[in-house]
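Here is how names work: the chains are called A, B, and so on, in the same order as the sequence lines, proteins then strands, and each is numbered from 1. Heavy-atom basis, side chains included; hydrogens, waters and symmetry copies ignored. Bear in mind that the values here come from a model prediction, so they are computed numbers and not experimental data.
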Amino acid sequence: MTARYNGKSTFEEWQKEFNTEDRYNFKAIEKKWQDIWDEEKSYKVEIDHNKEKYYTLVEFPYPSAQGLHVGHPRSYTALDVVSRKKRMQGFNVLYPMGFDAFGLPAENYAIKTGVHPAVSTASNIQNYIRQLKSIGFSFDWDRCIDTSDPKMYKWTQWMFLKLFEKGMAYKDKIAINWCPQCKISLANEEVVNGGCERCGTQVTKKTKEQWMIAITKYADKLIDDLEGLDFPDRVKSQQINWIGRSEGAELDFEFGGKKLTVFTTRPDTTFGATFMVLAPEHPYVAELKFENDDEVRAYIKQASFKSDLQRTMDEEKTGVELKGVKAKNPYNGEMIPVFISDYVLTGYGTGAIMAVPAHDSRDYAFAKKFNLPIIEVLKGGDISKEAFEGDGPHINSGFLDGLGKEDGIKKAIEFAEKNNFGTAKINYKLRDWLFSRQRYWGEPIPMVHCDTCGWVALPESELPLLLPEVNDYLPNEEGESPLAKATDWVNTTCPKCHGHAKRETDTMPGWAGSSWYFLRYLDPDNDKEFASQEALKYWMNVDWYNGGMEHTTLHLLYSRFWYKFFHDLGYVPTKEPYNRRTSHGMILGEGGEKMSKSRGNVVNPDDIVGTYGADTFRLYEMFIGPYEQVAAWSEESLNGVYRFVNKIYGLFNKVYNIEPSKDDLRAMHKCIIEVTERIDSMRFNTAVSSMMTYVNYLSGLDKVSAVMYETLLKLISPFAPHVAEEMWARLGHSTLVLKSDWPVGDPKLAQDDVVTMAVQVLGKLRGTIDMPKDAPQVDVEKAALALDSVQKHVGSAAIKKVIVVPNKIVNIVI
RNA sequence: GCGAUUAUGGCGGAAUUGGUAGACGCGCUAGUUUCAGGUACUAGUUGGGGCAACUCAGUGGAAGUUCGAGUCUUCUUAAUCGCACCA
């Protein structure tokens, strides 16, 4: 920290010594300041009750072998800017970083090469840290976490035990994708057009007992508590739609001597039900015999190859009638045919529907295809053309005739309840969370199965339950996780009865660690608790959480749920973890195509930092476009930002210890106000524009007042911290610019004395007038009418009205 | 299919949220510096017409509300993202 100031007492004196031929050497500058920040631990943060805290959080990355993508630094830079500004404004800022280290690619790499995932993950993490440091982010590296570290996953396992203890974790039979060739369970992502990604074999389903988490119990809270959170509307509505709360009724039909229950949001339309549809997997289909059994079984097999997504997307409806058995409509006693079709899913409702083709478009399409009757029971549409899903008076509906939709629903449910064949019911699209993976590289689930006691939780004292070593990472013939091969590890004693027991061999999904990682940052070395109550009380909530839109319905929802559960148990202080959520747009390749290895258009941050420097890279990431929208990478535009940084560097040679003029101050305060506002409202691209305008102004001056330049350095320091720090030091400061105060803009000094007002005739621009600010309306009107161009267009017409918007516009209506 | 988002010059985008459309940057054109390339600097740059003053058109498309619409309303088209075992 020496050699910053060469001992001269004034700028002028010192400047004479400064070599004006000096070129902007970002490599030396950036290395120098990164070393200083590292040595001084400039970003280390501790609980400090004398300061207001601010917790900024970005989604931690999965440490892939490819290293950082230029998409990552977009959000990291944005919140780095926010964090740095907040620090300068006096906040105690926590801005941490860690690694979501468990995951499929490391495991697949291990299957191929035999390299232990822990080994490849560790080297990937080192590479990420190197890259992140080279960009100059202000993370507190002392709080770096890694979800695959036993010190961390001990607490993930502990949390699972809490979920189990409270009945929130349970076992259920769920189908998985299974490749009969590779004998491995596949993620949806690994299924390409119904085939296995590795070998192309047709993927089948295999049913397994798996751990589920009862997130649906929190469905209502997850919807209701969104209110009041500072989340973008699109995030809120996506979560609400994902949870898909719908009010309706469950109704019992009679079918082959059994009670067939359906869920419907429109019980009022039951008189229009002309057939029923079961999901092919519906248990009754397997239990009953049909006249066309062969046809039915063949259809079920065919449907098993399709994913739910494919099934809902197929426009052409398919299905088979279950011949020989009909269903009885409880409202009118009519016997109607029953079909199976893959547009009905087992996962939602009861896996069976009553079809009202006149008033549901999917049922309509099905009825048209199979030539089934369509009975109109609500007036208002034209059912010869399409299904009518709106509201209107009921017809052909017995006791519901004449009622509208809402009253009809109420009456229909009343009737069903009175006659004991149905009840009001709220249904959710949200399904319980499938928490088991037949994989190696995840947190072991700390449960053992005992023949006498059933599923028994490990005692807390045995945590962390470490991942055992295995020889290969493939599942066994039965599709069990590779852990099943570690027989020494699997065979154990029951913690309850001390008899023989076997460990659970499934592991947790990647979502487990990421559901609570933001709490671990608060107290990363704690081995008694996942985080101390003191740390939780001081740091929570996260004030600003940024992450991708693609996480809205999974990670963001899971972690809100997880946090709420632990709030109900009293472990965390608030009911919601995140105060504010924002989402960055994706960065596409040059020309607007997605960056991918196969297209060869992936931009490596290392190359950009190496060629232009971290400051240019950071500024460009912010300048590339509106933060929440997608943006295409452009090396040409990057060049413009590089010029901008060079200009800032070059301006130093014009700095003198002089008083700023009134115009100078106006430009300066305008810039302060704009940059401050635009950082807060995430308009980083226009914040950079403001500074460019300011720099252009300064470049036009012969001499630049030191105050003007210092202010520029402060404003730019969150964006381009290295060059800001360097020039700040060259000005003679012996403290860091990052420890200086954020400037405060004075709106009065930023104001113009003279405003240019537009003059319109009938809404068309005909000229402008320069008026003193806040000139009286009469003066403005007079000046406007005096314009030749205005007179020309007004002519002899009578003036009806003159609209004056102060300091902005005059519109003459004739 | 369901849900969400976006659309403005040659390109990325801006517009004080209903008030001068095109800030800022890229690119391009001309000029200066340079042996030359690059850099740097100066001027210009939405399209049509005009020497010019000026004028007409213009924010994916169609209609509407308003003194005034990129912004509000209705309809429509196209593109992008997510859809539960990638994280």
Base, sugar-phosphate, or nothing: which does [X] touch, judged by heavy atoms less than 4.0 Å apart?
X: A:Q438; value: base
X: A:T552; value: nothing
X: A:W433; value: nothing
X: A:F102; value: sugar-phosphate
X: A:K764; value: sugar-phosphate
X: A:K208; value: nothing
X: A:Q210; value: base
X: A:N639; value: nothing
X: A:P61; value: nothing
X: A:L430; value: base

Quick one: do the [X] and [Y] side chains pair a donor with an acceptor below 3.5 Å?
X: A:S690; Y: A:E674; answer: yes
X: A:Y109; Y: A:T121; answer: no
X: A:Y642; Y: A:D615; answer: no
X: A:R766; Y: A:H793; answer: yes
X: A:W516; Y: A:T156; answer: yes
X: A:T553; Y: A:Q238; answer: no
X: A:Y627; Y: A:T582; answer: no

Using the [atom1] atom as the reference point in each nucleotide, state the distance between [N] and [M] in Å, no decimals.
N: B:U5; M: B:A52; atom1: P; result: 47 Å
N: B:C2; M: B:U76; atom1: P; result: 13 Å
N: B:G64; M: B:U71; atom1: C1'; result: 15 Å
N: B:A4; M: B:C41; atom1: P; result: 48 Å
N: B:C56; M: B:G3; atom1: P; result: 46 Å
N: B:G31; M: B:G25; atom1: P; result: 23 Å
N: B:C24; M: B:A30; atom1: P; result: 23 Å
N: B:A69; M: B:A62; atom1: C1'; result: 16 Å

With 3.5 Å as the limit, what N/O pairs link the protein to nucleotides 4-9 of chain B?
unit_1, atom_1, unit_2, atom_2, d
B:A4, O2', A:Q238, NE2, 3.2

**Prompt:** Does A:K317 make a cation-pi contact with A:F366 (under 6.0 Å, within 45 degrees of the axis)?
**Reply:**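 A:K317 over A:F366 ring: no.
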**Message:** Suppose we screen for side chain to side chain donor-acceptor pair (under 3.5 Å). Which residues come up paired with A:Q777, at least two apart in sequence or across chains?
**Reply:** A:E781
**Asked** With sequence neighbours left out, which residue pairs that include part of residues 626-650 of chain A fulfil the salt bridge (charged side-chain N to carboxylate O under 4.0 Å, His left out) condition?
**Response**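 Salt bridge (charged side-chain N to carboxylate O under 4.0 Å, His left out) check on residues 626-650 of chain A returns A:R234-A:E628.
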**Asked** If you look only at pairs with a residue in residues 427-439 of chain A, which of them pass as a salt bridge (charged side-chain N to carboxylate O under 4.0 Å, His left out), with sequence neighbours excluded?
**Response**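 Every pair satisfying salt bridge (charged side-chain N to carboxylate O under 4.0 Å, His left out) with a residue in residues 427-439 of chain A: A:E190-A:R439.
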Within this structure, what is the [atom1]-to-[atom2] distance between [X] and [N], rounded to whole angstrom?
X: A:E628; N: B:G12; atom1: CD; atom2: P; value: 20 Å
X: A:I799; N: B:C67; atom1: CD1; atom2: P; value: 17 Å
X: A:L556; N: B:A87; atom1: CG; atom2: P; value: 17 Å
X: A:F684; N: B:A14; atom1: CZ; atom2: P; value: 14 Å
X: A:L762; N: B:U66; atom1: CG; atom2: C1'; value: 13 Å
X: A:D146; N: B:A87; atom1: CG; atom2: C1'; value: 14 Å
X: A:Y642; N: B:G25; atom1: OH; atom2: C1'; value: 17 Å
X: A:K801; N: B:U66; atom1: NZ; atom2: P; value: 11 Å

**Complete:** RNA chain B nearest-nucleotide lookup for A:V688 and A:H793: closer to the 5′ end is A:V688
Could you tell me whether the phosphate oxygens of [N], OP1 or OP2, come under 4.0 Å of any side-chain nitrogen or oxygen in [X]?
X: A:R439; N: B:C86; result: no
X: A:H555; N: B:A84; result: no
X: A:N646; N: B:U39; result: no
X: A:R431; N: B:A84; result: no

**Asked** Would you write out the dot-bracket form of RNA chain B, 5' to 3', with Watson-Crick and G-U pairs under 3.5 Å, [ ] for crossing pairs, | for pairs to other strands and . for unpaired bases?
**Response** (((((((..(((......[....)))((((((.......))))))((((....))))..(((((..]....))))))))))))....
**Message:** salt bridge (Lys or Arg N to Asp or Glu O under 4.0 Å), that's the test. Do A:R581 and A:E59 meet it? Break it down for me.
**Reply:** CA-CA 11 Å; A:R581 168 80 179 187; A:E59 286 171 351; 2.9 Å; yes
Side chain of [X] only, heavy atoms from C-beta on: which candidate in [options] is closest?
X: A:N177; options: B:A87, B:A14, B:C85; value: B:C85
X: A:R643; options: B:C85, B:A87, B:G27; value: B:G27
X: A:L309; options: B:G82, B:G1, B:C2; value: B:G1
X: A:K594; options: B:A87, B:G82, B:A14; value: B:G82
X: A:N188; options: B:U55, B:C86, B:A87; value: B:C86

**Asked** Is the base of B:U73 syn or anti, where syn means the angle lies within 90° of 0?
**Response** anti
**Prompt:** Would you call B:G9 syn or anti, using the 90° rule around 0?
**Reply:** syn
**Test of ring centre spacing under 6.0 Å for A:F26 and A:Y612** =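 They do not qualify: ring centres at least 6.0 Å apart.
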**Request:** Kindly indicate, with the supporting measurements, whether the criterion side chain to side chain contact (heavy atoms under 4.5 Å, CB included) is fulfilled by A:L226 and A:F231.
**Result:** CA-CA 8 Å; A:L226 279 174; A:F231 285 21; 4.2 Å; yes
**Message:** Quick one, A:F60 with A:Y517, criterion ring-ring contact (aromatic ring centres under 6.0 Å, His included). Give me CA distance, side-chain angles, the key distance, then yes/no.
**Reply:** CA-CA 9 Å; A:F60 63 163; A:Y517 74 108; 3.7 Å; yes
Protein-nucleotides 16-23 of chain B N/O pairs under 3.5 Å:
unit_1, atom_1, unit_2, atom_2, d
B:U20, O4, A:T756, O, 3.0

**Prompt:** So A:Y348 and A:F263, would you call those rings parallel, tilted or perpendicular, with 30° and 60° as cut-offs?
**Reply:**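 Geometry flag for A:F263 against A:Y348: perpendicular rings.
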